[in-house]
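Chain letters run A, B, ... following the sequence lines, proteins first, then strands; residues in each count from 1. Small disclaimer: the values here were computed from a predicted structure and weren't measured.
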Amino acid sequence: DAKTTQPPSMDCAEGRAANLPCNHSTISGNEYVYWYRQIHSQGPQYIIHGLKNNETNEMASLIITEDRKSSTLILPHATLRDTAVYYCIVRGSSNTGKLIFGQGTTLQVKP
Amino acid sequence: KAGVTQTPRYLIKTRGQQVTLSCSPISGHRSVSWYQQTPGQGLQFLFEYFSETQRNKGNFPGRFSGRQFSNSRSEMNVSTLELGDSALYLCASRSEMTGSPGYTFGSGTRLTVV
């Protein structure tokens, strides 16, 4: 599975969009990009995933560059409850449960 | 729909003892994975079970073991506990159906070894 690089921390004002970048320059053609977040002392929560097209769900949008070497998770209207550690993970399409978590980005949403 | 249930939530054990943690996946999910989370190492994959068979294993010593039952419930066991085994142990389950979202994690079991 490809390695990912994320900034260690980011701040965002409440109500504004939070844009969390992830670099995965060694991603291969069959690998998906997954995003999870972990609020303090809870288990990670699945947010969204994608292969090459942009994806949107009720929680967030995922923008993947055309060369697939990087992606951005967008929380359109950040709230204080979005303060968490966000993990970008690249995972192959095989049915294996192994997720390789990096250090993630700690997003602090401020009032 | 009930989520992933892990028991117990908190546990204190003494060095040298063994411990068993339990995980009940979401109904219908046959894949169960275990992770260890520590402040120093972050989230690390332990192993994965599917249909009662271990399908994948992380880089942990043999003191860490697991199993899965026919109802997909899973247990993990740590023998001869060391202080460094103190961690949050997380279980995650997933449907194998195409297009299903990612893994759903439980709230974890926090193990403290003294």
**Report entry** Per-residue contact mode, A:Gln38 against chain B (heavy atom under 4.5 angstrom)
**Finding:** side chain

Query raised in the report: Looking at B:Phe50, does the NZ or CZ of B:Arg55 lie under 6.0 angstrom from its six-membered ring centre and within 45 degrees of the ring axis?
Result: yes

Report summary line: Okay, B:Leu90 and chain A: the region with an atom under 4.5 Å from a heavy atom over there is side chain

**Report entry** Part of B:Gln37 within contact of chain A (heavy atom distance under 4.5 Å)
**Finding:** side chain

Report summary line: Under a 4.5 Å heavy-atom criterion, the part of residues 104-114 of chain B in contact with chain A comprises B:Phe105, B:Gly106, B:Ser107, B:Arg110

Query raised in the report: Which residues in residues 80-87 of chain B have a heavy atom less than 4.5 Å from any heavy atom of chain A?
Result: none

Query - Linked, directly or transitively: B:Tyr89 and B:Tyr10 (ILVMFWY side chains, under 4.5 Å) - result: no

May I ask you to check whether [X] and [Y] show a side-chain donor-acceptor distance below 3.5 Å?
{"X": "B:Thr38", "Y": "B:Gln41", "value": "no"}
{"X": "A:Thr72", "Y": "A:Asn19", "value": "no"}
{"X": "A:Arg91", "Y": "A:Tyr32", "value": "no"}

Report summary line: Interface check, chain B: of A:Gly102, A:Gly104, A:Pro44, A:Gly43, most non-hydrogen pairs under 4.5 Å belong to A:Pro44

Report task. For A:Lys69, check salt bridge (charged side-chain N to carboxylate O under 4.0 Å, His left out) against everything at least two apart and list the hits. Result -> none

Query raised in the report: Counting N and O atoms only, with roles assigned by atom type, does the side chain of A:Thr105 sit under 3.5 Å from a partner on the main chain of A:Pro7, one being a donor and the other an acceptor?
Result: yes

Query raised in the report: Does the A:Gln42 side chain pair with the main chain of A:Ile39, one donor and one acceptor, at a distance under 3.5 Å?
Result: no

Query raised in the report: Who are the side chain to side chain donor-acceptor pair (under 3.5 Å) partners of A:Thr56, not counting sequence neighbours?
Result: A:Ser61

Query raised in the report: Are the aromatic ring centres of B:Tyr35 and B:Phe45 under 6.0 angstrom apart?
Result: yes

Query raised in the report: Under the criterion side-chain hydrogen bond (donor to acceptor under 3.5 Å, both in side chains), which of B:Ser72, B:Ser95, B:Ser51, B:Ser93 is the partner of B:Arg30?
Result: B:Ser51

